[in-house]
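I have placed the structure first, in the form of structure tokens, so that the comments after it can refer back to it.
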Amino acid sequence: MKVTTWNINGVKARLESALAYLRQESPDVICLQEIKSQTEAFPAAVFEELGYQCAIHGQKGFNGVAILSKLPLEEVRTGLPGNDEDMQSRFIEAVISVPSGIVKVASIYAPNGNPVATEKFPYKLGWLERLHAHFRDLLAEEVPFVMAGDYNIIPEPMDAKRPAAWTSDALFQPESRAAYRRMLSDGLTDAIRLCHPGPGVYTFWDYQAGAFQKDDGIRIDHLLLSPQATDRLRAAGVDRFTRGWEKPSDHVPAWVELDV
DNA sequence: ATGGCGCGTCAAACGCGA
């Protein structure tokens, strides 16, 4: 079972790329972020033609997440628990049926948090706390789950080509990094890091300044696995080739392969 | 050394991202 995550930066702008990617790589499940589409406007029919069921949590203009699955998709939940005031569409999860039972999959789009001196940064940290509280509940269920998405966190200096350039950025603040570490110390595994322990593994390159040509990237898209999912982890990777396609997203897909 | 983009909204700039 292959589970992929991809911040596509607009599902309408990226429709041809997304379809090309799915035809080529054929993941069983793909978690999308920044669909920038209302739920009703999501082009579900074209994905269904490729054999995917769609669970969508959109909003007007910004944000928006989705899970597309070739395997039976059940018990869809939208919205991160813990704050009824939060209207931003950044979380969706579903139960996926697999031969050995179930796998829970969440598509998450954590807040960027910039500028740090504004209310955006505490919103980011609060959101991450809510995410942590939610998966702590899931851990108690002792089921395999994958929380995949754009965490907007550079975990370590080795996850940036130029870490010094990010020191004042919300993505690399000590508080952001600490929130990520707490999730790992609480039992989740960073699958990409486990399978690729060295530096130079990036998932995002800015559109500006020829960042991709200079490989001036950062690793901010992550797949965090529960212990039961980690037991089944066969491989993980990043598909950086899509960044070289016409009209690319600034993020590339990252994936895990699980024995299920 | 610096700055260099792109999407969506909406019809010209602007909010937002990272």
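Labels below follow one simple rule: chain letters A, B, ... track the order of the sequence lines, proteins then strands, and each chain is numbered from 1. Quick caveat, the model's predicted, so the values are computed rather than measured.
Residue A:Asn7 is classed as a sugar-phosphate contact, given heavy-atom separations below 4.0 Å to backbone atoms only. A:Asn112 comes within 4.0 angstrom of a nucleotide base, judged by non-hydrogen atoms across all strands. Among the heavy atoms of the strands lying under 4.0 Å from A:Asn152 are primed sugar atoms or P, OP1, OP2 only; no base atom is included. Residue A:Ala209 is classed as a base contact, given a heavy-atom separation below 4.0 Å to a base. At a threshold of 4.0 angstrom between heavy atoms, the contacts of A:Phe172 with the nucleic acid are absent.
Comparing A:Ser37 and A:Asp150 along DNA chain B, the residue whose closest nucleotide (by nearest heavy atom) sits nearer the 5' end is A:Ser37. Along DNA chain B, the nucleotide closest to A:Leu171 and the one closest to A:Phe62 are compared, and the more 5′ of them pairs with A:Phe62.
Atom NE2 in A:His251 sits about 12 Å away from atom C1' in B:dG6, given to the nearest Å. Straight-line distance from the CG atom of A:Asp216 to the P atom of B:dG4: 15 Å, rounded to whole Å. As rounded to whole Å, 18 Å separates atom C1' of B:dG6 from atom CD1 of A:Ile35. Remark: C1' of B:dA18 and OH of A:Tyr123 are 16 Å apart, rounded to the nearest angstrom. Rounded to a whole Å, the CZ atom of A:Phe212 is 15 Å from the C1' atom of B:dC5. Distance, A:Asp250 CG to B:dC16 P: 17 Å, rounded to whole Å. One atom, CD of A:Gln38, and another, C1' of B:dC7, lie 15 Å apart when rounded to the nearest Å. Atom-to-atom, CZ of A:Phe121 to C1' of B:dA18 comes out at 14 Å; the value is rounded to the nearest Å.
Side-chain contact annotation: A:Tyr21 with A:Asp239, donor-acceptor N/O pair under 3.5 Å present.
A gap of 26 Å separates the P atoms of B:dC14 and B:dT2, to the nearest Å. One C1' atom belongs to B:dA1, the other to B:dG15, and the distance between them is 29 Å to the nearest Å. B:dG3 and B:dC16: their P atoms are spaced 23 Å apart (whole Å).
With distances taken from any side-chain atom of A:Lys60 to the nucleotides B:dT9, B:dC7, B:dG6, the minimum falls on B:dT9. With distances taken from any side-chain atom of A:Gln208 to the nucleotides B:dG6, B:dG4, B:dG15, the minimum falls on B:dG4. In this structure, the nucleotide among B:dA18, B:dC16, B:dG8 sitting nearest to the side chain of A:Lys36 is B:dG8. Listed nucleotides B:dG17, B:dA18, B:dG8 differ in distance to A:Tyr207; the shortest reach to its side chain belongs to B:dG17. Nearest to the side-chain atoms of A:Lys120 among the listed nucleotides B:dC5, B:dA18, B:dC16 stands B:dC16. Nearest to the side-chain atoms of A:Lys214 among the listed nucleotides B:dG15, B:dT9, B:dG3 stands B:dG3.
For the OP1/OP2 pair of B:dC7 and a distance below 4.0 Å, the side-chain nitrogens and oxygens of A:Arg14 include at least one atom meeting the criterion.
The pair A:Asp190-A:Arg219 meets the salt-bridge criterion, since a charged nitrogen lies less than 4.0 angstrom from a carboxylate oxygen. A:Glu16 and A:Lys247 are not joined by a salt bridge, as no carboxylate oxygen comes within less than 4.0 angstrom of a charged side-chain nitrogen. Ion pair A:Asp86/A:Arg130 flagged as a salt bridge, since at least one NZ, NE, NH1 or NH2 atom sits closer than 4.0 Å to an Asp/Glu carboxylate oxygen.
Taking all atoms of both residues into account, the shortest heavy-atom contact from A:Val65 to A:Gln33 is CG1-CG, 4.0 Å.
Ring orientation note: the planes of A:Trp205 and A:Tyr202 are nearly perpendicular, at an angle over 60° on the 30°/60° scale.
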